[in-house]
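Below is one structure, written out as C-alpha cells, with a few remarks after it.
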Amino acid sequence: MGDEIILLDFWPSMFGMRVRLALAEKGLKYEYKEEDLRNKSPLLLEMNPVHKQIPVLIHNGKPICESLIIVQYIDEVWHDKSPLLPSDPYQRAQARFWADYVDKKLYGLGRKVWSTKGEEQETAKKEFIECLKLLEGELGEKPYFGGEKIGFVDVALVTFSCWFYAYESCGNFSIEAECPKLIAWTKRCKEKESVSSSLEDPHKVHGFVMGMRKRFGIE
Amino acid sequence: MADEIILLDFWPSMFGMRVRLALAEKGLKYEYKEEDLRNKSPLLLEMNPVHKKIPVLIHNGKPICESLIIVQYIDEVWHDKSPLLPSDPYQRAQARFWADYVDKKLYELGRKIWSTKGEEQETAKKEFIECLKLLEGELGDKPYFGGEKIGFVDVALVTFSCWFHAYESFGNFSIEAECPKLIAWTKRCMEKESVSSSLEDPHKVHGFVMGMKKKLGIE
C-alpha cells in the first residue's frame with residue numbers, strides 16, 4: 001500500500017523547505033500544495049487548527065505540524081534510509097539543541113535585518129552574525145553538522161541560506177566575509193540534489209522580501 | 001559503573017521541575033545544585049555557554065540543555081522504566097507538538113499575568129485560559145495526556161500547576177472555575193510521589209513572585 005503524503009507549504013518558507021529537504025533525503029514522493037497565507041485553505045485550517053501555519057505534513061490523512069517535529073517524524077517513520085538524527089542519545093540531544101538554537105534565533109533576527117532600519121537593524125545584523133559564528137564553531141572541521149553526511153542540524157539551518165542574499169542586500173553586509181566556513185558549508189550542501197531541489201532561488205526570495213517591504217511600507 | 005547525574009537548577013523554575021520529575025519517574029539518584037541566577041556559577045557558564053540558563057543536566061560530565069531536550073534524553077537513555085514518549089512515531093509527534101505548544105505559550109502569558117496590569121493583564125489572562133482550555137480538550141477523557149500513565153506532555157505541563165496560585169492571586173481570577181477538568185488532572189498527577197516530590201509549594205512560589213514584583217517595582 002503506497003503512503004499518501006501531502007505537504008501544505010508556502011514557497012519562500014525556510015521552515016517548509018526543511019520538510020521538502022527531509023522528504024527528498026528519504027526519496028519520498030508527495031503532493032505539494034501551495035498555500036496563500038492571506039487566504040488560508042479550509043484544509044490548512046482543518047489540519048493545523050492550533051497555529052494555522054505551514055508547513056503541515058499530511059501522512060495517510062493524519063496531520064503533523066511544526067517543521068522540526070515533522071522532520072523528526074519523517075526520520076523515524078522512514079528510518080532505513082539516510083538517517084538524519086544520530087543513533088546515540090547524547091548526540092541526538094546535541095542535534096536537537098542546535099536545531100532548537102536555529103529556531104530560537106535566526107528567523108527573528110533575519111526578519112529584523114530585512115524589516116528594520118538604523119540602530120535596530122545594526123543590532124540585528126550584529127547578533128545575526130554572532131549566531132552564525134557560533135554555528136560555524138559547532139560545525140568545526142566536519143563537512144556537515146551531521147558529520148560525514150547531512151543530518152538534523154544541516155536540515156534545520158541550510159534552508160536559511162537561500163535567504164542570505166536578501167538579508168545581505170537589505171542589511172548592506174556580507175555574510176561570506178564574516179562567516180566563510182559557513183558559506184563553504186552551504187555550497188557543500190547544495191552539491192547534493194536533495195538540497196538544491198528543496199531550496200528556493202535566492203533572487204526569487206529577494207524579490208519576495210522586496211514585495212513584503214513595499215507592503216509594510218519599509219523603505 | 002554507576003551513572004553520575006548532576007542537575008543545575010533554580011527552585012521555582014517550572015522548566016527545572018520537568019527534569020526533576022523525569023528523573024523521579026525513572027527512579028534516578030542525582031545531585032541537585034541550586035543556582036543563583038544573579039550570580040551564575042562557573043559550572044553553569046561552562047556547561048551552558050550558549051544560553052547560560054538552567055536547567056542543565058550533567059550526565060557523566062557531559063551537559064544536556066533545554067528542559068524538553070533533557071526530558072527526551074532521560075527517556076531515551078533510561079528507556080526500560082516508565083517510558084514518557086509513546087513508541088508510535090505519530091503519537092510521538094503529537095506529544096512533541098503539545099509539549100512545544102506549552103513551551104510557546106504558557107510561560108510568556110503567565111509572566112504577563114503577574115507582571116502587568118490593566119488591559120495588558122486582562123488580555124494575557126484571557127489568552128492563558130484559552131490555552132488551558134485547548135489543552136483540556138486535548139486531554140479529553142483520558143486520565144493523563146499520556147493515556148493511562150503520565151507521559152511527555154504531562155511532564156511538560158504539570159510543573160506550571162504550582163504557579164497557578166500565584167497567577168490567580170495576582171491576576172484575580174480562578175483557573176479552576178474556567179478549567180475544572182485540567183485542575184482535576186493536576187490533582188490526579190499530584191497523587192503520584194514523583195510529581196508531588198518534584199513540584200514546589202504554590203505558596204512558596206507565590207512568595208517568590210511577590211519578591212520579583214517588588215524587585216521589578218510592580219505594584
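Each chain gets a letter, A, B and so on, in the order its sequence line appears, and its residues count up from 1.
The shortest side-chain heavy-atom distance between Ile64(B) and Phe97(A) does not fall under the 4.5 Å cut-off.
Of residues 83-96 of chain B, those residues with a non-hydrogen atom less than 4.5 Å from any non-hydrogen atom of chain A are, in numerical order, Pro89(B), Tyr90(B), Arg92(B), Ala93(B), Gln94(B), Arg96(B).
With sequence neighbours excluded, no residue forms a salt bridge (Lys or Arg N to Asp or Glu O under 4.0 Å) with Lys149(A).
At a 4.5 Å heavy-atom cutoff, the contact between His51(B) and chain A is made by side-chain atoms alone. In this structure, chain B has no heavy atom under 4.5 Å from any part of His79(A).
Residue-environment remark: CD (Glu31(B)) exceeds the threshold of 12 foreign heavy atoms within 6.0 Å. Other residues, nucleotides and ligands contribute only 12 or fewer heavy atoms inside 6.0 Å of the NZ atom of Lys126(B). Under a cut-off of 6.0 angstrom, the local environment of NZ in Lys112(A) is sparse, with at most 12 non-hydrogen atoms contributed by other residues, nucleotides or ligands. At most 12 heavy atoms of other shown residues, nucleotides or ligands fall within 6.0 angstrom of atom NZ in Lys53(B). For Lys40(A), the NZ atom is densely surrounded, since the number of other residues' heavy atoms within 6.0 Å is greater than 12.
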